[in-house]
Protein chains: 2
Amino acid sequence: MDISDRKKKILTAVIDAYIATAEPVGSKLIAQSGGLDLSSATIRNEMAELTAMGYLEQPHTSAGRVPSPQGYRLYVNELMERQRLSMEETERINSAMNLKMQQLDKLMSDIGKLASSLTQYPAVTLAAPVAATITRYDLIYVEADTFIAVVMLDGKDVENKLIHLPFSVDRGMIQRLAAVFNTDFTHITVDQITPERIDRAERACGDTMGLVSVVAAFAIDTLQNASRGEAILSGASNLLALPEFRDPDKAHQLLSYLSDSEHLLGLPAAEGEDSDIQVLIGPENVAEELKDSSVVIARYNAGDNMRGIIGVVGPTRMDYSGVAAKLRYIATGLSRILAAPEPPRGFEKLQVKEMTEDERKDSTK
Amino acid sequence: MDISDRKKKILTAVIDAYIATAEPVGSKLIAQSGGLDLSSATIRNEMAELTAMGYLEQPHTSAGRVPSPQGYRLYVNELMERQRLSMEETERINSAMNLKMQQLDKLMSDIGKLASSLTQYPAVTLAAPVAATITRYDLIYVEADTFIAVVMLDGKDVENKLIHLPFSVDRGMIQRLAAVFNTDFTHITVDQITPERIDRAERACGDTMGLVSVVAAFAIDTLQNASRGEAILSGASNLLALPEFRDPDKAHQLLSYLSDSEHLLGLPAAEGEDSDIQVLIGPENVAEELKDSSVVIARYNAGDNMRGIIGVVGPTRMDYSGVAAKLRYIATGLSRILAAPEPPRGFEKLQVKEMTEDERKDSTK
DNA sequence: ATTAGCACTCAGAGAGCGAGAGTGCCAGTG
DNA sequence: CACTGGCACTCTCGCTCTCTGAGTGCTAAT
């Protein structure tokens with residue numbers, strides 16, 4: 001039972017209208033809204049067939065039609081047009097991307113805000129790293145009882161921590177400590193940091209006061225944090241503006257589901273393809289709480305062993321085309337910025353803020 | 001026109017009942033619920049007077065009474081009992097505080113989650129630093145075209161950034177750079193990082209490639225970030241469970257107000273007293289969006305020039321007593337942990353996770 | 001001073017009704 | 001034969017109306 005071209009056109013019209021209005025769509029509306037030159041009666045017949053085929057649904061006998069998940073699926077797969085972004089939108093995205101002189105987590109939250117304010121749906125950003133290891137340790141002596149531990153992860157991330165001690169140590173000790181860690185604690189995963197290894201290190205640098213343990217604890221924490229991944233929800237309040245979430249219970253249910261980062265981290269269940277958009281429509285979602293919502297997901301590369309995901313959650317009646325276009329644009333932009341070994345910033349920045357290189361040279365003469 | 005003891009008792013009973021049920025309270029209910037041995041008629045008379053005095057309000061003629069903001073104010077100031085936390089609650093708070101081997105911003109978000117899940121209201125955590133400066137720079141050579149910049153702020157915070165260059169530099173250059181920054185760029189505020197100063201530094205270390213600018217840009221960014229303050233909203237979805245926010249429009253309005261960190265940063269308008277709880281009831285809030293919500297705020301010290309605030313937002317019918325007790329406990333705990341020069345962690349941690357010191361020593365023998 | 005009793009008020013729930021939108025089907029038309 | 005106009009039918013939504021019950025304020029009795 002194939003679907004005729006005309007049926008496709010009608011289905012598209014119905015879905016577009018429903019996305020726009022959130023109200024069941026009647027045959028009359030479709031007939032009037034131009035596009036196809038048919039009477040409402042014809043459209044009615046076609047719609048009846050589309051209903052029989054499972055692409056449309058009827059809330060009750062004398063109401064208009066509403067797209068079924070199957071209908072949305074067809075729409076997403078082949079019907080909808082690739083929407084282009086407006087100048088203004090690309091402009092906004094670009095400028096938001098430019099101030100990226102920041103840590104990854106800040107960036108994620110900013111990108112989430114950007115996505116949610118562009119789409120008017122809540123957005124979710126995740127970073128799901130692949131098993132992290134530390135490639136390098138630096139210990140910076142600050143005071144007799146204080147030093148900074150800096151570790152570099154195999155991605156491009158760097159983490160640090162100021163460590164106070166209840167006793168004093170000298171610079172030499174700190175240096176020895178760093179040397180030992182760099183030889184014996186790099187390129188290993190969390191579970192390879194064993195008591196035995198720590199013990200060995202303690203002997204190697206003559207540590208009797210548990211210094212090794214302190215640094216090792218920091219390393220463990222960092223590795224666990226890094227491989228735990230992070231999830232941020234932005235623009236949650238957008239949900240409440242949607243007619244399908246006027247029921248506070250429904251809104252509450254979804255919101256509290258989304259507020260728990262544990263749940264979010266489980267989102268990217270099907271992570272086959274890369275780089276392109278993935279759409280999960282209503283019941284296609286595994287999580288019960290998402291069964292009548294849709295999720296649009298874009299992946300991006302955040303360095304070698306970092307997989308970023310940015311997603312948007314909304315009702316099944318979602319502006320798939322627009323959301324997909326925006327996410328695609330953001331994700332490719334992000335990948336470009338993050339994957340490249342980060343162009344040297346600061347030059348232009350300072351110049352813009354203060355004055356140009358030339359002006360500056362001049363003014364100091 | 002003074003308020004008699006009996007009136008106070010009745011007012012307290014009304015408020016307690018209203019906090020619990022969210023429904024207008026009738027004289028009968030108060031009469032029955034023990035405590036005072038009076039007939040409903042007497043209570044009616046007293047309640048009528050309390051209404052005349054402005055402590056209670058009537059939604060409509062034949063409904064029960066509802067506390068007015070003035071009533072809540074009296075309640076908060078002198079009527080309510082200092083609630084004690086249950087064992088379970090103190091337990092939860094303590095254990096949450098213990099895993100504090102983390103950055104400040106992570107900590108803030110964790111504390112926010114803790115507060116909101118304990119109180120069942122949305123929680124807000126802010127860190128509003130006083131003009132930050134950098135006390136120390138460290139530049140760590142990684143590769144010919146890569147180094148890590150680590151700066152220490154006058155609080156206890158440390159920030160870092162991995163810097164890639166489009167050209168190579170040698171270790172000597174990096175060292176000179178660090179030396180110059182440590183002598184000329186420490187203990188100054190953002191606006192003192194001028195083109196002149198940068199120019200001077202460039203000459204001082206013979207930098208012709210704009211290295212100074214790059215590091216200076218990082219310093220500027222860090223300082224701006226640090227003094228911008230940060231605001232995190234947690235547990236937003238709790239709002240939707242409250243009967244006063246069953247109206248999605250109301251919920252939406254408040255939620256989107258709270259989602260904007262700009263707004264939150266403006267919250268601590270009246271910051272007179274320290275260390276104790278502050279309650280802003282309904283119209284006492286400056287922001288229009290909060291006019292019929294209440295905010296309970298606790299301050300804590302997060303080091304020398306860092307002022308932390310943790311707050312809870314809810315309807316005017318809020319469990320002031322319980323919320324205040326919880327926040328007070330959290331805030332004092334936080335101050336203790338953060339103000340103290342941070343006890344050495346790691347020892348215990350590792351031991352707990354793996355085995356005890358003794359066991360470990362034994363097992364390696 | 002307190003209480004019991006009573007008439008009064010008013011929001012909210014529920015029933016009943018009508019309008020309007022949309023459907024399905026049938027007969028007519030190019 | 002595909003399409004269209006027309007018509008009877010269905011069902012939701014919004015409206016009004018009524019009724020119930022909780023709660024009040026007042027008065028008279030204790």
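As the structure is a computational prediction, the values presented were derived from the model and not from experiment. Each chain gets a letter, A, B and so on, in the order its sequence line appears, and its residues count up from 1.
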* To do: Give every residue pair that meets the salt bridge (Lys or Arg N to Asp or Glu O under 4.0 Å) criterion with at least one member in residues 249-263 of chain A, sequence neighbours excluded.
  => A:Asp249-B:Arg246

* Do A:Thr42 and A:Arg6 meet the criterion of a side-chain donor-acceptor pair at a distance under 3.5 Å? -> no

* Separation of atom CG in B:Asn45 from atom P in D:dT27, rounded to whole Å -> 12 Å

* To do: Tell me, please, which residues at least two apart from A:Tyr320 pass ring pair (Phe, Tyr, Trp, His ring centres under 6.0 Å).
  => A:Tyr72

* **Nearest-Å distance for atom pair CD/P, residues A:Glu49 and C:dT23** => 14 Å

* Rounded to the nearest Å, what distance is computed from the CE atom of residue A:Met47 to the C1' atom of nucleotide C:dG24? -> 13 Å

* Separation of A:Asp37 atom CG from D:dA2 atom C1', in whole Å? -> 15 Å

* **Between P of C:dT3 and CZ of B:Arg6, the distance in whole Å** => 8 Å

* To do: Rounded to the nearest angstrom, tell me the gap between atom CG in A:Leu38 and atom P in D:dA2.
  => 14 Å

* Could you tell me whether B:Asn77 atom CG has more than 12 heavy atoms of other residues or ligands within 6.0 Å of it? => yes

* Proximity to the side chain of B:Ala48 - top-ranked nucleotide from C:dT3, C:dT23, D:dG25 -> D:dG25

* Asked: What's the CD1-P distance between B:Ile43 and D:dG25, to the nearest Å?
  -> 14 Å

* Taking atom CD1 of A:Ile297 and atom CG of A:Leu280, what is their separation to the nearest 0.5 Å? -> 5.0 Å

Can you check nucleotides 4-9 of chain C for protein contacts, nitrogen or oxygen pairs under 3.5 Å, and list what you find?
from, atom 1, to, atom 2, distance (Å)
C:dG5, O6, B:Arg44, NH2, 3.1
C:dT9, O2, B:Ser62, OG, 3.2

* To do: Would you mind reading off the distance between B:Leu36 atom CG and C:dT3 atom P, rounded to a whole angstrom?
  => 10 Å

* Classify the side-chain pair A:Ser256/A:Ser259 by whether it contains a donor and acceptor separated by less than 3.5 Å. => no

